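Contents: one structure, followed by commentary.
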Protein chains: 2
Amino acid sequence: MNGLTIGKLAKKAGVGIETVRFYERQGLIAEPPRTASNYRLYPENDANRLRFIKKAKNLGFTLNEIKELLSLRHDPKASKADVKHRTLKKIEDIQQKIHDLSRMKEALESLAEACDGHGPTSECPILEALEAEEKQYCGH
Amino acid sequence: MNGLTIGKLAKKAGVGIETVRFYERQGLIAEPPRTASNYRLYPENDANRLRFIKKAKNLGFTLNEIKELLSLRHDPKASKADVKHRTLKKIEDIQQKIHDLSRMKEALESLAEACDGHGPTSECPILEALEAEEKQYCGH
DNA sequence: ATAAACATTGAACTATACTACAGGGTCAAG
DNA sequence: CTTGACCCTGTAGTATAGTTCAATGTTTAT
């Protein structure tokens with residue numbers, strides 16, 4: 001027994017069956033081989049691909065961005081230099097996201113502390129969290 | 001001259017005018033005072049609020065989640081303990097996101113290295129990036 | 001062998017988050 | 001005092017990411 005039916009795959013990846021078919025239409029997962037009775041039979045590894053998509057979506061990437069991320073490895077019509085260039089750009093995006101999340105986390109930690117009655121805490125740590133760097137660029 | 005018209009505010013925050021009115025309808029920003037001629041007049045600080053919303057959206061939070069985040073400070077009908085509890089939960093979410101992004105970044109760095117012809121690199125670092133921890137919980 | 005649980009397609013429907021009018025009023029410059 | 005850039009409300013349309021449904025075929029368990 002090799003391969004997963006769409007239901008097994010969906011369950012393993014924690015997504016809906018319809019979502020799997022939707023991702024196939026969108027080109028996020030490859031069309032799998034079919035059984036004699038026309039059932040899709042997925043390689044086990046597609047569960048990881050689906051889980052990746054799920055997490056990446058949770059991290060604010062659109063399906064199109066995720067498609068790009070997944071196509072970075074083995075892109076046949078792209079030079080190594082081009083792949084490297086695009087990869088470095090993605091890394092920068094991600095670095096920025098990590099940075100923003102870290103600031104948000106700090107703000108929430110400061111808020112949690114304020115809840116203990118320990119103070120003094122800034123009046124509005126959450127808003128401050130992500131605004132500081134803008135000021136440096138824009139000078140408002 | 002105190003306060004920003006909706007157009008000035010939108011420009012300062014880097015969003016569309018319609019978006020500002022939409023966020024007002026959704027309860028993400030407060031209804032501002034109006035001029036005699038019924039124009040909205042926003043406090044300067046609302047630009048920061050809008051920028052926060054923009055960034056948080058980019059980090060994968062929905063408008064509803066963002067609303068919750070913004071209401072954590074000064075929630076009148078909630079005990080300090082309750083606010084603290086919800087805040088700690090948000091911090092965990094964020095910690096998880098940072099973790100996932102870090103793994104993704106590592107994977108892309110490994111991919112970028114592979115582009116230099118330095119090797120050997122894993123065949124599929126991107127998929128591996130986010131799948132490892134699942135295995136530990138599910139034992140597949 | 002028959003019912004329950006699963007699979008197929010295609011099309012319609014939903015939620016979220018905007019975005020674009022239409023039809024009007026306001027304001028600042030020349 | 002008009003022209004253009006701005007604002008108002010309300011409604012309708014769009015993009016993204018699914019979700020549901022109908023009508024039908026297949027597999028599995030009793």
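Computed from a predicted model, the values in this text were never measured in an experiment.
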Nearest-angstrom distance from the residue atom CD of B:E24 to P of C:dC18: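 To the nearest whole Å, that distance equals 15 Å.
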Give the rounded distance in Å between these two atoms: CD1 of B:I6 and C1' of C:dT19.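 Distance, rounded to whole Å: 14 Å.
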Look at the side-chain N and O atoms of [X] and state whether any lies under 4.0 Å from the OP1 or OP2 oxygen of [N].
{"X": "B:R34", "N": "D:dT9", "answer": "yes"}
{"X": "A:T19", "N": "D:dT19", "answer": "yes"}
{"X": "B:R21", "N": "D:dT11", "answer": "no"}
{"X": "B:R40", "N": "D:dC6", "answer": "no"}
{"X": "A:T5", "N": "C:dA7", "answer": "yes"}
{"X": "B:Y23", "N": "C:dA17", "answer": "no"}
{"X": "B:K57", "N": "C:dC18", "answer": "yes"}
{"X": "B:S37", "N": "C:dC27", "answer": "yes"}

Measuring from the side chain of A:L63 (C-beta onward, heavy atoms only), which nucleotide among D:dT27, C:dA17, D:dA17 has the closest atom?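 Closest of the options to the side chain of A:L63: D:dA17.
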Where the side chain of A:E18 is concerned, which of C:dA7, D:dA17, D:dC21 is the nearest nucleotide?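 Per side-chain heavy atoms of A:E18, the pick is D:dC21.
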So what does B:T62 hit on the nucleic acid, given a heavy-atom distance under 4.0 Å: a base, only sugar-phosphate, or nothing?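 The answer is sugar-phosphate, as B:T62 gets under 4.0 Å only of primed atoms, P, OP1 or OP2.
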Over all heavy atoms of both residues, which pair between B:V83 and B:L72 is shortest? Give the atoms and the distance, please.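 Shortest heavy-atom separation between B:V83 and B:L72 comes out as CG1-O, 3.5 Å.
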B:D46 vs B:K12 side-chain heavy atoms within contact, under 4.5 Å: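 Side chain of B:D46 against side chain of B:K12, heavy atoms only: no contact under 4.5 Å found.
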Go nucleotide by nucleotide along DNA chain C from the 5' end; which of B:N64 and A:I17 gets its closest nucleotide reached first?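 With B:N64 and A:I17 compared, the 5'-side residue is A:I17.
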Can you see whether B:F61 has B:K97 sitting over its ring - NZ or CZ less than 6.0 Å from the centre and within 45° of the normal?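 Geometry flag: set, cation within 6.0 Å and 45°.
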Presence of salt bridge, B:E65 and B:K90, under 4.0 angstrom: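 Looking at B:E65 together with B:K90, the answer is no, because their closest N to O distance does not fall below 4.0 Å.
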